[in-house]
Amino acid sequence: MHDINSAKGWSLMSSSFRKSFLTHLLIGGVIGILYFIFSHSSFFMNRLINSLFLASFFPLIFGGLRFVKNLGTFDLFIYSHRKLWKYGKHHEKFEKENEKIAPASTPELGSYYEYRNSRNVFPSCAGPVLAGSLYLILSLFLTLCTV
């Protein structure tokens with residue numbers, strides 16, 4: 001009997017990637033099964049193809065958003081809003097009160113370059129994208145086979 005971890009490619013993947021991949025595969029599968037069960041289409045193959053496509057939709061969207069975030073697309077937007085909030089009149093009142101209670105408790109917001117280099121590392125987008133791609137490929141394959 002072979003253990004699943006003994007498969008050559010599976011053991012090379014990190015545990016966080018496997019967890020992300022399996023989680024998104026499960027979420028997509030649950031969405032697809034729910035659509036398949038509650039769909040009113042009388043043709044079985046249409047229900048199956050639609051449920052696989054819908055199962056691929058949410059992991060692909062989530063993975064795409066994570067990919068865009070990892071590229072740093074939202075960094076300037078977030079930094080500018082934090083900078084505006086920091087120098088706004090509404091925030092100055094709270095900042096002065098915080099400084100009276102606990103001196104040096106308000107973090108300084110440096111330059112954009114410092115902000116970008118100090119941000120946390122975000123998880124990879126490969127897990128959700130691969131899970132969504134698996135369902136999408138199955139859906140496209142079944143679509144081409146039924147034509």
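Positions are given from 1, in the same order as the sequence printed here.
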At their closest point, which heavy atom of [X] faces which heavy atom of [Y], and how far apart are they?
X    : Y   : answer
Y35  : N50 : CE2-CB, 3.4 Å
C125 : G63 : CB-O, 3.4 Å
V129 : G64 : CG2-N, 4.4 Å
G28  : A55 : O-CB, 2.9 Å
L136 : S56 : N-CB, 3.4 Å
H24  : P59 : O-CG, 3.7 Å

I need the [X] [atom1] to [Y] [atom2] distance, nearest 0.5 Å.
X    : Y    : atom1 : atom2 : answer
L26  : I33  : CG    : CD1   : 8.5 Å
L138 : T143 : CG    : OG1   : 10.5 Å
L48  : S51  : CG    : OG    : 5.0 Å
S39  : L34  : OG    : CG    : 12.0 Å
L60  : F53  : CG    : CZ    : 8.5 Å
K69  : T73  : NZ    : OG1   : 11.5 Å

Should [X] and [Y] be regarded as members of a common hydrophobic cluster, given that ILVMFWY residues are connected when their side-chain heavy atoms come within less than 4.5 Å of each other, either directly or indirectly?
X   : Y    : value
F58 : L134 : no
V30 : I37  : yes
L52 : L144 : no
L54 : I61  : yes

Does [Y] offer a backbone N or O that forms a donor-acceptor pair with the side chain of [X] under 3.5 Å?
X    : Y    : answer
S20  : S16  : no
T23  : K19  : yes
Y135 : L25  : yes
R66  : S124 : yes

Please confirm whether the ring centroid of F44 lies under 6.0 Å from the ring centroid of F36.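 So the answer is yes for these two rings.
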What is the ring orientation for F17 with F21, classed by angle as parallel under 30°, tilted 30 to 60°, or perpendicular over 60°?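 Judged by the thresholds at 30° and 60°, the geometry between F17 and F21 is parallel.
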